[in-house]
Protein chains: 4
Amino acid sequence: MAESRSRYDEKLALVLRTAASIFADKGYHQASIRDLSRATGLSLSGLYYCFSSKEELLFLTPDHCFGPILENLEELLTGVDEPRERLRLLIDNHLRFFVGNMKEMKVLSHEAESLSGEYRRRVNAKKKRYTDLCMEILAALSPAESTAALRTATFSLFGMMNWIYNWYRPDRDEPVDRLADRMCRLFLEGYLAGGALEPRPRDAGGSTDESGPSIWRR
Amino acid sequence: MAESRSRYDEKLALVLRTAASIFADKGYHQASIRDLSRATGLSLSGLYYCFSSKEELLFLTPDHCFGPILENLEELLTGVDEPRERLRLLIDNHLRFFVGNMKEMKVLSHEAESLSGEYRRRVNAKKKRYTDLCMEILAALSPAESTAALRTATFSLFGMMNWIYNWYRPDRDEPVDRLADRMCRLFLEGYLAGGALEPRPRDAGGSTDESGPSIWRR
Amino acid sequence: MAESRSRYDEKLALVLRTAASIFADKGYHQASIRDLSRATGLSLSGLYYCFSSKEELLFLTPDHCFGPILENLEELLTGVDEPRERLRLLIDNHLRFFVGNMKEMKVLSHEAESLSGEYRRRVNAKKKRYTDLCMEILAALSPAESTAALRTATFSLFGMMNWIYNWYRPDRDEPVDRLADRMCRLFLEGYLAGGALEPRPRDAGGSTDESGPSIWRR
Amino acid sequence: MAESRSRYDEKLALVLRTAASIFADKGYHQASIRDLSRATGLSLSGLYYCFSSKEELLFLTPDHCFGPILENLEELLTGVDEPRERLRLLIDNHLRFFVGNMKEMKVLSHEAESLSGEYRRRVNAKKKRYTDLCMEILAALSPAESTAALRTATFSLFGMMNWIYNWYRPDRDEPVDRLADRMCRLFLEGYLAGGALEPRPRDAGGSTDESGPSIWRR
DNA sequence: AATGAATGAGGGTTCATTCAT
DNA sequence: CATGAATGAACCCTCATTCAT
């Protein structure tokens, strides 16, 4: 019994891992269930025994990833009050998971908006919880002058961290702990030094076209 | 002759503008040529008179976007030697284009890797030129201790800026010049203050598992 | 042993009853074995312990229906010689079964031709026996001038009766004994008054296009 | 221009005719678009150029049939006031179309309930108009004592006529005009003689179990 | 110059059925 | 006895693309 449960779980894990890899490589919509069938060696209908639709598969993939990130972080933060240390833990935890599961995280970043309905709601709820946690830490670090400013800072940090699936190569770049350290200091110093303060006054006569030139409609 | 040339150009411009919008909304692969046909009012075969394949269309879209960014930046930088100001100009230019053409830029970030062959080569060449320019500026700002460190800094900056299509909403967030200003100071202060220096020594016995825990294989 | 036999019979009866209901609701081909599995609470493989194929299931359903109709009728007719009364009994018996088992009878009428091979042969044999019995009664009522005329009369009667699954609603229409009575008199009077006689001469020059206008080929 | 229009129409007509035939032979749900592709020699996607879904195809098939029946009948009835003659025209028209387009009419009778939404609504509207017309004629023939009685008579007539796709074989049965004549007299005499009157009182002590024995639940 | 008509390849999904356990 | 897991075949439908006109 435990045997057969374990067998099924192993297979499910294989399917999810492979799916994440394929989704990451080709993108969710480009990836076909037939690709997954070929890559796992399972039949088409055998796959549908594990999940009920391609969309559910997309949901399962990053959802199984996101849970651990959050849980692990909340555990790490327990008993730590110093905001700088809390931020360091968040960044370290985040990058560790991203580098360790780059494919899954790319899917999470890239394809989550392809979800709909309940799936979308659940993924968004977790994302929001995570984002809120980060915002709290930043707010504790330095009094942000506005919500908009806090948003800019928060998403700048996430952008910095999440972007790594576009460039990070383990064989060529720094190991993840140095990466985390560097990003941590980069963001922290910048944020404390002024990133969170009101912007300096612009030079008089500077461009006031806020939206910038439209390329197509110029 | 000039007449018909102009007619053709008008039509091509309409097609490219509409395509960029559709690609940005639905993603390149989800968008069908039929969608484009419906949205432009042109027939399927009429469209193929303007471009030779869907992939060419994808190439044209961000290519027309990227050109202006680079050209505009190179013009702005002419005669400016001070590295801090050069960086400020790059960030400002970048964000202006991104906010002003968010849909196209999303395609550029998201779908460029769907290109193949010659198309891919040409887009990558431009990206590399742009990246190299940014690296030079950063290198001039502060002596990076290693290529890897410079890469981390450069792509942290790009991540910060490019991520905005995931969160920036003109009606809710800061106008683009304040956004640029804030990101500029955030990065600059962080980079100069230590983001570019060697990381502080880690606690002895710290984790050396560089790849972090794997979620699936734990 | 008797115990387990009885258990099996109970299960079989449940399966057949449920199957008849599902077939009637959705149609034989639309109904899936999974539907049956869900509706009975039995597992897929558990079902296949009761029958060997979906087709057998279709066979069993109307076959269990048709038996009682025939047997009951033959019993009722025993000792009754008067043709009018015999016809009345047939109609009454037929409608009672149809109204009482509308779902099953719809399957019988609708889907029996989906059977093949031996299954089909057996159902057809019973149908033929039933049809022949009706024809005999009609022939005894009035000397039909031709086989074709007798066929027309017989199948007109069956059409009249079998059609009810298309329109009869117990809560809205007459109770079944009045229905039977009305149909009986309708058919009987019509049949005796002339439905069985040679048709009156058609107007000279009348249409001789026997097949009528073809809608598609006109 | 007229040429190409005619070409497309010819093809559409071929598709509809073939579809009706296949639907009639195998049933709507059993018939696959691939069957239609094989039978017409057109490619799968070529077919979808003619219609937009299988359900639309099912709608088109009998809808194209039902229009002519109604229109033709209404034309025939113009200027004819005598109810018996009106009924005769209805029956004659109905049977002509049914015999001439037996496959399509089988689909109409058998499969119309597989339609959904707007398709279903439109087919039902036409059916109702036709049914109402028939009821009016019957009501004019003899004062029915109740709506239920009128319904019974009307649907008995339709059952008689529609059932023919189950048994009528042109090479073996009477030609359609004799068939029409016979059914007309059968129904007319029966209806006038008493089918429309109140049923005679039942023998005292007769069965009052209106729903008849349930086969499965006895 | 421009299009209506057509196509082959492939998409996600469901089905009746089997078989090791 | 009974089932969970698996399968091959087939389903309806959409796609980018072409070609005669």
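In what follows, every chain begins at residue 1, and chains take the letters A, B, ... in the order their sequences are listed.
If you find the closest nucleotide of DNA chain E to D:G46 and to A:S32, the one lying nearer the 5' end belongs to D:G46. Across the interface with DNA chain F, nearest-nucleotide mapping of D:F51 and A:S43 shows A:S43 to be the residue nearer the 5′ end. Both A:S53 and D:C50 lie close to DNA chain E; mapped to their nearest nucleotides by heavy-atom distance, the more 5′-ward contact belongs to D:C50.
Not one N or O on the side chain of A:E104 forms a donor-acceptor pair closer than 3.5 Å with the backbone of A:T61. A side-chain donor-acceptor contact under 3.5 Å links D:D35 to the backbone of D:S32. Judged purely by atom type and a 3.5 angstrom limit, B:K54 uses its side chain to pair as donor or acceptor with the backbone of B:A31.
The CZ-P distance, from D:R34 to F:dT14, rounds to 14 Å in whole Å. Here the P atom of nucleotide F:dA2 and the CG atom of C:L12 are 13 Å apart, to the nearest Å. Counting to the nearest Å, the C1' atom of F:dT14 and the NE2 atom of B:H29 are 15 Å from each other. Rounded to whole Å, atom P of E:dA16 lies 13 Å from atom CG of C:L58. Rounded to an integer number of Å, the gap from CG of D:L47 to P of F:dC15 is 17 Å. Regarding A:L36, its CG atom lies at a distance of 18 Å from the P atom of E:dG10, rounded to whole Å. Rounded to whole Å, the distance from CD on A:Q30 to P on F:dC15 is 13 Å. Atom-to-atom, CD of A:E10 to P of F:dA5 comes out at 13 Å; the value is rounded to the nearest Å.
Contacts of B:L42 with the nucleic acid, taken as non-hydrogen atoms under 4.0 Å apart, are absent.
When each of A:Y165, A:Y28, A:F23 is checked for a ring pair (Phe, Tyr, Trp, His ring centres under 6.0 Å) with A:H110, only A:Y165 meets the rule. For the pairing with D:L47, the side chain to side chain contact (heavy atoms under 4.5 Å, CB included) check across D:L36, D:T18, D:L57 returns one residue only, D:L36. Put simply, the residue from C:R120, C:K126, C:E118 that forms a side chain to side chain contact (heavy atoms under 4.5 Å, CB included) with C:R122 is C:E118.
The listed nucleotides are E:dA1, F:dA16, E:dA5; the one nearest the side chain of B:Y49 is E:dA1. With F:dT17, F:dA5, F:dA10 as the choices, the nucleotide that has an atom nearest any side-chain atom of A:L44 turns out to be F:dA10. Checking F:dT17, E:dT17, E:dT13 against every side-chain atom of B:Y48, the shortest atom distance belongs to F:dT17. Here F:dT3 is the nucleotide among F:dT3, F:dA16, E:dT7 with the atom lying nearest to any side-chain atom of C:S45. Nearest nucleotide to the C:K54 side chain, out of E:dA5, E:dA16, F:dA16: E:dA16. Of the candidates F:dA5, F:dA16, F:dA10, F:dA5 carries the atom nearest the A:Y8 side chain, counting heavy atoms from C-beta on.
When Watson-Crick and G-U wobble pairs are counted only if both distances are under 3.5 Å, E:dT21 pairs with F:dA2. Pair assignment for E:dG10 gives F:dC13, based on Watson-Crick or G-U wobble hydrogen-bonding distances that are each under 3.5 Å.
The side chain of B:K11 contributes an N or O atom lying less than 4.0 Å from OP1 or OP2 of E:dA2.
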